[in-house]
Amino acid sequence: MANFQKLTPRGEDYSKWYNELVVKADLAEQSAVRGCMVIKPYGYAIWEKIQAELDKRFKAQGVRNAYFPLLIPKSFLSREAEHVEGFAKECAVVTHHRLKNDPNGKGVIVDEDARLEEELIIRPTSETIIWSTYKNWISSYRDLPILCNQWCNVMRWEMRTRLFLRTAEFLWQEGHTAHATKEEAEDYARRMLDVYAEFAEKVMAIPVVKGVKSPNERFAGALNTYCIEAMMQDGKALQAGTSHFLGQNFAKSFDVKFLSKENQLEYVWATSWGVSTRLMGALIMTHSDDNGLVLPPNLAPTQVVIVPIYKKEDQLAALMEKLNPVADQLQALGIRVKVDTDDKYTPGYKFADYELKGVPVRLAMGGRDLENGTIEIARRDTMEKETVSIEGIVERIRTMLEDIQQNIYQKALDFRIANTREVNSYEEFKEEVKKGGFILAHWDGTPETEELIKAETKATIRCIPLADLPGHHSEPGTCMVTGKPSAGRVVFALSY
RNA sequence: CGGGUAGUAGUUCAGCCCGGUUAGAAUGCCUGCUUUGGGAGCAGGAGGUCGUGAGUUCGAAUCUCGCCUACCCGACCA
């Protein structure tokens with residue numbers, strides 16, 4: 001079982017807290033391969049909830065799932081100049097297709113005779129293989145739009161990795177759409193951003209800022225990148241999802257044209273959009289505390305755990321007579337409930353363990369409760385517990401789950417608001433940015449200025465917000481560095 | 001990828017500097033009894049290719065070199 005050494009507190013070493021929590025809460029662990037993680041059943045159960053909720057939303061937008069190959073011909077990557085520039089440095093390459101026994105010793109070696117004529121790239125993203133395919137699917141405006149998504153793994157040879165936040169291999173979904181008009185594609189990219197934002201806030205209880213990426217931060221090959229940005233408890237920003245308007249870049253690179261209603265041959269317009277297992281990192285760093293994981297009820301694999309406290313079998317039977325109906329009624333309401341009658345661990349152990357795992361609501365019932373007709377109910381987000389009458393407990397739990405979902409969202413939003421501030425001078429900026437949080441400041445819109453700021457402060461423009469942040473109103477001003485005109489404040493932060 | 005630190009039982013670590021019986025502790029694990037309302041107690045027990053490969057040596061966890069992995073700092077990161 002998990003050992004019971006306390007987690008390193010967040011205030012002592014945030015990074016260490018995160019690393020320990022991921023492992024101790026049984027979410028994931030390091031594998032034998034550098035930068036590649038094993039997602040454990042509990043962590044994967046949460047990812048499956050994320051997938052299910054997103055997939056439902058994608059399908060409501062007309063998206064259908066498909067699957068494209070893991071391996072991409074090397075030549076495809078180089079078709080779109082900016083795209084290859086963005087990914088070339090972090091690609092894993094398959095060069096051979098056979099091993100053989102080592103003639104001088106033990107084990108196997110690469111068979112040099114089995115060198116591939118054209119090397120294959122393990123996908124870092126699938127635009128190229130998908131657009132080479134779309135070419136065959138599209139000839140008329142009647143074939144459009146194409147709205148495909150795939151759930152898959154991708155690989156980027158990252159120099160520095162962290163479980164969930166940046167791994168060499170990760171799981172994600174990538175949506176790739178093809179449209180007849182620019183407007184339709186742009187709208188679609190925006191609409192998927194809204195889907196992500198709604199999902200993040202309602203399901204994951206993570207408040208996000210919707211915005212546009214600056215040219216420096218834009219996806220390689222995109223004309224425009226939209227994003228949702230979240231603030232972690234250490235004040236750093238984390239990009240939680242992106243949606244790209246790709247223009248006709250990939251259509252031109254892969255020669256994907258269609259005949260319009262007007263009988264004109266035109267290039268197709270494209271979008272792509274994705275979220276990854278990085279969301280697991282966002283989830284952890286938004287809500288969890290020094291006792292362990294805190295899960296939003298909407299994603300918790302177990303929403304309610306019931307712990308009977310007993311000495312002998314007949315006592316357990318008496319308790320279960322009361323608890324089974326509660327569990328059944330919760331289940332009937334669609335609430336994911338677990339009754340833990342395991343007698344191999346003490347109640348105290350179980351309490352601590354379920355807190356570490358982030359189970360939102362815990363019920364406990366013992367001999368005293370049995371006599372009094374009561375039950376103990378504890379909520380993970382506030383760590384409050386009270387003993388209440390067993391009458392009406394089901395309804396109380398139902399509303400408590402909703403309340404927890406709302407409360408952790410509000411708490412995260414309050415935190416973000418408290419750590420978002422406007423700064424007007426570059427001197428002030430340099431001081432403020434060290435303290436973490438989102439800094440709203442004016443920028444002249446040039447990559448040069450952004451690069452200068454990054455070089456001097458490590459802060460980057462997380463996004464140009466699409467709407468005012470709560471309590472702030474963005475107006476035109478002058479760039480804090482150059483004094484040139486600025487259309488409005490942008491969000492700066494240190495980031496993951 | 002550069003600089004630094006580390007890798008010994010499932011886990012956290014001691015031992016290494018100064019090479020030499022059978023490699024230790026805590027915790028976890030197993031068995032039994034007693035327990036069970038916040039990570040229980042007692043007794044007994046199992047568990048280690050000392051990351052890996054080479055080298056030095058009569059002898060290597062210990063010294064040397066390569067490699068692998070993790071962590072920290074940089075660089076990089078749609």
Side-chain angles (χ1 to χ4, degrees), chain A residues 1-8 13-16 18-20 23-24 29-37 80 82-91 105-107 123-127 154 156-163 165-168 170 172 174 213-222 224-227 239 241-244 246 272-276 278 291-292 307-313 315-316 319 340-356 362-372 374-376 378 383 385 387 454-455 458 460 495-496:
Chain A
M1 283 307 297
N3 61 51
F4 62 88
Q5 288 160 353
K6 286 256 191 298
L7 280 173
T8 298
D13 187 337
Y14 192 81
S15 179
K16 199 171 176 190
Y18 175 85
N19 291 338
E20 286 179 5
V23 172
K24 289 187 177 179
E29 62 189 34
Q30 298 288 354
S31 72
V33 183
R34 187 202 134 79
C36 296
M37 64 179 163
E80 213 288 332
E82 286 187 29
H83 190 67
V84 67
E85 174 90 2
F87 287 105
K89 284 169 287 186
E90 48 190 33
C91 286
K106 53 215 174 220
R123 62 183 163 216
T125 179
S126 302
E127 274 77 6
V154 288
R156 299 177 187 179
W157 210 265
E158 300 287 353
M159 289 303 157
R160 210 170 154 179
T161 62
R162 292 189 75 188
L163 293 174
L165 294 174
R166 178 171 285 110
T167 45
F170 56 91
W172 78 344
E174 46 180 328
K213 283 294 186 192
S214 65
N216 283 356
E217 300 281 323
R218 194 180 284 157
F219 175 72
N224 202 359
T225 289
Y226 297 100
C227 63
Q239 176 179 295
T242 51
S243 181
H244 315 291
L246 301 172
S272 69
W273 27 275
V275 299
S276 71
R278 184 177 231 210
N291 296 308
V307 180
I309 299 160
Y310 61 98
K311 293 189 171 76
K312 294 175 185 155
E313 284 300 313
Q315 288 172 309
L316 174 63
L319 286 166
D340 186 353
T341 54
D342 195 330
D343 66 351
K344 294 191 284 293
Y345 295 96
T346 61
Y349 181 92
K350 292 177 183 178
F351 293 172
D353 194 50
Y354 289 120
E355 278 157 14
L356 181 62
R362 183 187 71 231
L363 298 176
M365 187 185 248
R368 286 204 302 273
D369 293 305
L370 206 54
E371 281 175 27
N372 302 333
T374 57
I375 193 163
E376 184 186 84
M383 296 293 278
K385 59 180 180 183
T387 299
K454 184 179 179 182
K458 292 183 185 168
T460 50
S495 73
Y496 278 95

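Numbered from 1 within each chain, the chains take letters A, B, ... in sequence-line order.
- Taking the side chain of P347(A) as heavy atoms from C-beta on, and the options U36(B), A70(B), G38(B), the nearest nucleotide is U36(B).
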Would you tabulate the pairs of protein nitrogen or oxygen atoms and nucleotide nitrogen or oxygen atoms of nucleotides 75-77 of chain B closer than 3.5 angstrom?
residue	atom	partner	partner atom	Å
C77(B)	O2	R166(A)	NE	2.7
C77(B)	O2	R166(A)	NH1	3.1
C77(B)	O2	R166(A)	NH2	2.3

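- Backbone-only contact: G35(A) has heavy atoms under 4.0 Å from sugar-phosphate atoms and none from a base.
- For G38(B), its base never sits under 3.5 Å from the side chain of E376(A) at any donor and acceptor pair.
- Residue contacts for R34(A): at a heavy-atom cut-off of 4.0 Å it reaches the sugar-phosphate backbone alone, with no base atom in range.
- Between V154(A) and S15(A), the residue whose closest nucleotide on RNA chain B is further toward the 5' end is S15(A).
- Across all strands shown, F170(A) has heavy atoms under 4.0 Å from base atoms, whether or not it also approaches the sugar-phosphate.
- Note that R362(A) lies in the cation-pi zone of F351(A), set by a 6.0 Å cut-off to the ring centre and a 45° limit from the axis.
- Residue T346(A) has a polar side-chain atom (N or O) positioned under 4.0 Å from OP1 or OP2 of A40(B).
- If you check every strand for non-hydrogen atoms under 4.0 Å, G367(A) touches a base.
- Not a single donor-acceptor pair under 3.5 Å links the side chain of Y226(A) to the backbone N or O of W273(A).
- By the 6.0 Å contact criterion, CH2 on W172(A) is enclosed, its count of non-hydrogen atoms from other residues, nucleotides or ligands being greater than 12.
- Within 4.0 Å (heavy atoms only), E355(A) reaches at least one base atom of the nucleic acid.
- At least one donor-acceptor pair closer than 3.5 Å links the side chain of Q315(A) to the backbone N or O of K312(A).
- Comparing G39(B), C71(B), G38(B) by their nearest atom to the side chain of R362(A) picks out G38(B).
- Within the 3.5 Å criterion, the main-chain N or O of Y349(A) finds no donor-acceptor partner in the side chain of D353(A).
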